Structures are given as C-alpha cells and as structure tokens.
Amino acid sequence: MSGPVGGNQAMTTTSGQLKAQIGPSILNADLSSLANECHRLLGCGADYLHLDVMDGHFVPNLTFGHPMVASLRRSVPVALFDMHMMVSEPLKWVQAMSDAGANQYTFHYEACGDDDQQVFDCIRRVREANMRVGLGIKPNTPVDKLFPFIEELDLVLVMTVEPGFGGQKFMTDMMTKVETLRQRYRQLDIEVDGGVSLDTVGQCADAGANWIVSGTGIINAPNPQQVIRQMRDVVNEAIERSQLDR
Ligand code: DX5
Ligand code: ZN
C-alpha cells in the first residue's frame, strides 16, 4: 500500500463524522503531461485523484492500464489513487493495480454478470491486495443491488452519467439512490461521478454523497483551487446539517 489511507475505514474526522473528499478526474486533463496535471490538482487542494480505467469493452472508450499507473506513482508518491475500473474483468487487474500503487479499487457490479459470488470474490481479492474497495453501479442498475455487499465495502459509487466519457450531463434522478444509501448507512463513503460541477454538487451533498468526482467541472474551470474549496465547503456543510437533523 503506497498511499496514505488504510483499507476498510470510512473517511471520517477524528469525531467519527463523515468528511468531504474532492477527487478530480484526470480523464479530460492534458494526458501528455499527466504527472504535472496531478501535481497541479493536488496543489489546488484535491483530496485524491480519480483515475478512469476503460477497456473499450465494458464501456465504449479506452484509456490506460496499470503500467501508466505505476509510472504516475513514481512521479506522484503520496496522493490517494482512486481507480475507477470500467472493465469487463475486474478480478484480472487487482494485483497489478495494487503493485502499481493504487490505493482504492472500485469496480462495477454490472461487470460481474449479476453473480453475487463473483462480486464477493473480487471484494476479497481487492482487500487481500491491501486496497480500499469500492463497488459502483451504472445509471440503469437499481441501488438495492449494492445492499448485500455494503458491510464488505469501503465505498459505493453511484454513477451520475453513463460511464465512458467526461463532460456529460448530470443525471439528477440518480440522487434518490444516494438518498436511499445515506438513510440506511450513515457512515458509508458514497461517491458520485459524472457531470458534477459547482452547479450540481449541492444536489449530491444534500442527498448524502461525501466523495465527489469532478472532471471537466474542475479541469476546465479558470480557478480549480476555488472550485475544489467551494465543493468541499458545500459537502461539509451538508454533512454538518445532516448531523444536526439526527
Ligand atoms: C466517466 C468517468 C468520469 C468522468 C467524469 O465515465 O467515470 O470520471 O471523467 O467527468 P465529468 O465530471 O466531466 O463528467
Ligand atoms: Zn470515473
């Protein structure tokens, strides 16, 4: 494990309260200069880096694999690498990604062919490889598909666009999934990904998300530092309010 975060712990403050985590997706960054882009985003206050792995099969797009992650880790030794594995064979890449320096491995429920045992096997392998483990669902997958696995997970990912490309429109109707998860699981790390910007982060925060992925919303902003700070404030304020409501 090369990063700062150990497995199987929600991202909470010392008082046990959930904490906002803002993770830029580098998909739409200048990929010819990825290490510099990562340093720039971390310098702007990013809490983690969201790295989108696409295999051209699970989604109709292709990005990069573990060799690139290993190279990036050499240039970026400390940041949390959150691997969003949009791949058809999530088990296949677990050890390689861990060896490359990944900290969190989020794979998709849909990649496991509706076979709960496959999901459990993959969760176990990720854990054995000393990474935090996340499980994601695409927009057409009902939230209750996640329920059997929650106790074994560090994080759930609710996609707010069809995975595959940056810059798509945020799907507001996914917020009911986040609300359902937050009502049932007060301490769970819930991540949203797709179309999240300063215009839409409030909805995510009010629904209960605390891990916020934003690609173009941060990368294309004239002042990414300010966007990251504002997103974090919006989420932490929503967390505070929800604690008062209890
Ligand atoms: C989409 C990826 C996202 C994407 C987000 O499939 O999983 O992480 O980069 O980009 P924006 O925030 O621009 O939708
Ligand atoms: Zn992603």
Side-chain angles (χ1 to χ4, degrees), residues 20-31 34 37-38 40-41 44 46-66 68-69 72 79-88 90 93 97 102-111 131-141 154-175 177-178 189-205 207 209-222 224 227-228 230-232 234-235:
Q21 298 286 312
I22 312 299
S25 159
I26 51 80
L27 189 61
N28 284 72
D30 177 2
L31 295 176
L34 188 53
E37 289 283 76
C38 291
R40 181 173 72 91
L41 291 162
C44 288
D47 296 299
Y48 67 101
L49 297 170
H50 180 86
L51 305 179
D52 289 300
V53 175
M54 304 188 188
D55 67 353
H57 188 255
F58 183 74
V59 288
N61 199 1
L62 193 61
T63 56
F64 48 79
H66 54 90
M68 206 243 20
V69 177
L72 192 61
L80 189 151
F81 286 179
D82 170 36
M83 307 310 306
H84 181 187
M85 301 300 294
M86 287 166 274
V87 300
S88 292
W93 310 111
M97 282 297 178
N103 305 105
Q104 179 162 276
Y105 191 95
T106 298
F107 64 100
H108 272 268
Y109 172 81
E110 301 83 1
M131 293 183 285
R132 278 171 54 98
V133 56
L135 183 63
I137 48 171
K138 298 205 284 186
N140 287 333
T141 304
D154 294 300
L155 171 143
V156 295
L157 162 63
V158 175
M159 286 305 298
T160 44
V161 298
E162 269 311 321
F165 300 91
Q168 301 183 76
K169 189 172 181 302
F170 179 78
M171 298 169 75
T172 301
D173 48 339
M174 294 300 113
M175 292 302 96
K177 295 184 187 178
V178 177
D189 282 328
I190 303 175
E191 184 177 59
V192 284
D193 179 15
V196 183
S197 65
L198 273 182
D199 290 337
T200 52
V201 70
Q203 296 175 56
C204 303
N210 65 313
W211 281 58
I212 307 295
V213 176
S214 176
T216 50
I218 291 175
I219 300 288
N220 293 349
V227 173
I228 290 171
Q230 285 181 8
M231 285 183 165
R232 187 182 298 110
V234 167
V235 175

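Both ligands and their constituent atoms are indexed starting at 1 by order of listing. What you are looking at is a predicted structure, and each value in this text was computed from that prediction instead of being measured. Note: hydrogens, waters and symmetry copies are ignored here, and every other heavy atom, side chains too, is used.
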Counting from 1, what ligand 1 atoms have a heavy atom of His84 closer than 4.0 Å?
-> 7 (O)

Does any N/O atom on Gly167 come nearer than 3.5 Å to any N/O atom on ligand 1?
-> yes

Hey, are Asp82 and Asn103 close enough side-chain-wise for a donor-acceptor pair under 3.5 Å?
-> no

Which distance, rounded to the nearest 0.5 Å, do you find between the CZ of Arg40 and the CD1 of Ile26?
-> 12.0 Å

Near Ser25, which atoms of ligand 1 are under 4.0 Å from a heavy atom of that residue?
-> 4 (C), 8 (O), 9 (O)

His108 and Met86: CA distance, side-chain angles, deciding distance, side-chain contact (heavy atoms from CB on, under 4.5 Å) verdict = CA-CA 7 Å; His108 272 268; Met86 287 166 274; 4.0 Å; yes

Please report which non-hydrogen protein atom sits nearest to atom 1 (C) of ligand 1, along with the residue it belongs to and the distance in Å to one decimal place.
-> Phe165 O, 3.5 Å

Among N, O or S atoms, His84 approaches the Zn ion (ligand 2) most closely through ND1

For atom 14 (O) of ligand 1, the closest protein heavy atom turns out to be Gly195 N, 2.8 Å

Subset of ligand 1 atoms that lie under 4.0 Å from at least one heavy atom of Gly194 = 14 (O)

Ligand 1 to Thr216, heavy atom cutoff 4.0 Å, flagged ligand atoms 11 (P), 12 (O), 13 (O)

Looking only at non-hydrogen atoms, find the nearest pair between Val161 and Met171 and report the distance.
-> CA-SD, 3.7 Å

Enumerated ligand 1 atoms positioned under 4.0 Å from heavy atoms of Pro163 | 6 (O)

Please verify whether a non-hydrogen atom of Asn28 lies at under 4.0 Å from ligand 1.
-> no

Which bit of Ser214 gets closer than 4.0 Å to ligand 1, counting heavy atoms only: side chain, backbone, both or neither?
-> backbone

Locate the shortest heavy-atom distance separating Val59 from Pro163; write the atom from each residue and the value.
-> CG1-O, 3.5 Å

Ligand 1 atoms nearer than 4.0 angstrom to some heavy atom of Met86 are 6 (O), 7 (O)

Evaluate the side chain to side chain donor-acceptor pair (under 3.5 Å) criterion for residues Thr216 and Asn28: first the C-alpha distance (whole Å), next the side-chain angles of each, then the deciding distance (0.1 Å), finally the verdict.
-> CA-CA 6 Å; Thr216 50; Asn28 284 72; over 6 Å; no

Can you check whether Glu162 has an N/O within less than 3.5 Å of an N/O in ligand 1?
-> no

Structural part of Asp52 in contact with ligand 1, heavy atom criterion under 4.0 angstrom | side chain

To the nearest 0.5 Å, atom CD of Gln21 lies from atom CH2 of Trp211 at 5.0 Å

When distances are taken from atom 3 (C) of ligand 1, the protein heavy atom at minimum range is Asp193 OD1, 3.0 Å

Min heavy-atom dist Gly217 to ligand 1 below 4.0 Å | no

Would you say Asp173 has more than 12 foreign heavy atoms packed within less than 6.0 Å of its CG?
-> yes

Heavy atom of the protein closest to atom 10 (O) of ligand 1 (residue, atom name, distance) = Gly166 CA, 3.6 Å

Flag Gly215 as yes when one of its N or O atoms lies below 3.5 Å from any N or O atom of ligand 1, and as no otherwise.
-> yes

With a 3.5 Å cut-off and no angle check, do the side chains of Glu110 and Thr141 form a donor-acceptor pair?
-> yes

Here the N/O/S atom of Asp193 closest to the Zn ion (ligand 2) would be OD2

Can you check side-chain contact (heavy atoms from CB on, under 4.5 Å) on Asp47 and Leu80, steps first, answer last?
-> CA-CA 8 Å; Asp47 296 299; Leu80 189 151; over 6 Å; no

Which protein non-hydrogen atom lies closest to atom 6 (O) of ligand 1, naming both residue and atom, and how far is it?
-> Gly164 N, 2.7 Å

Heavy-atom contacts with His50 under 4.0 Å: which atoms of ligand 1 show up? List them by number with element.
-> 8 (O)

Relative to the ring of His50, is the ring of Tyr48 parallel (under 30°), tilted (30 to 60°) or perpendicular (over 60°)?
-> perpendicular

NE2 (His50) to the Zn ion (ligand 2) to OD1 (Asp52): angle, nearest 10 degrees?
-> 90°

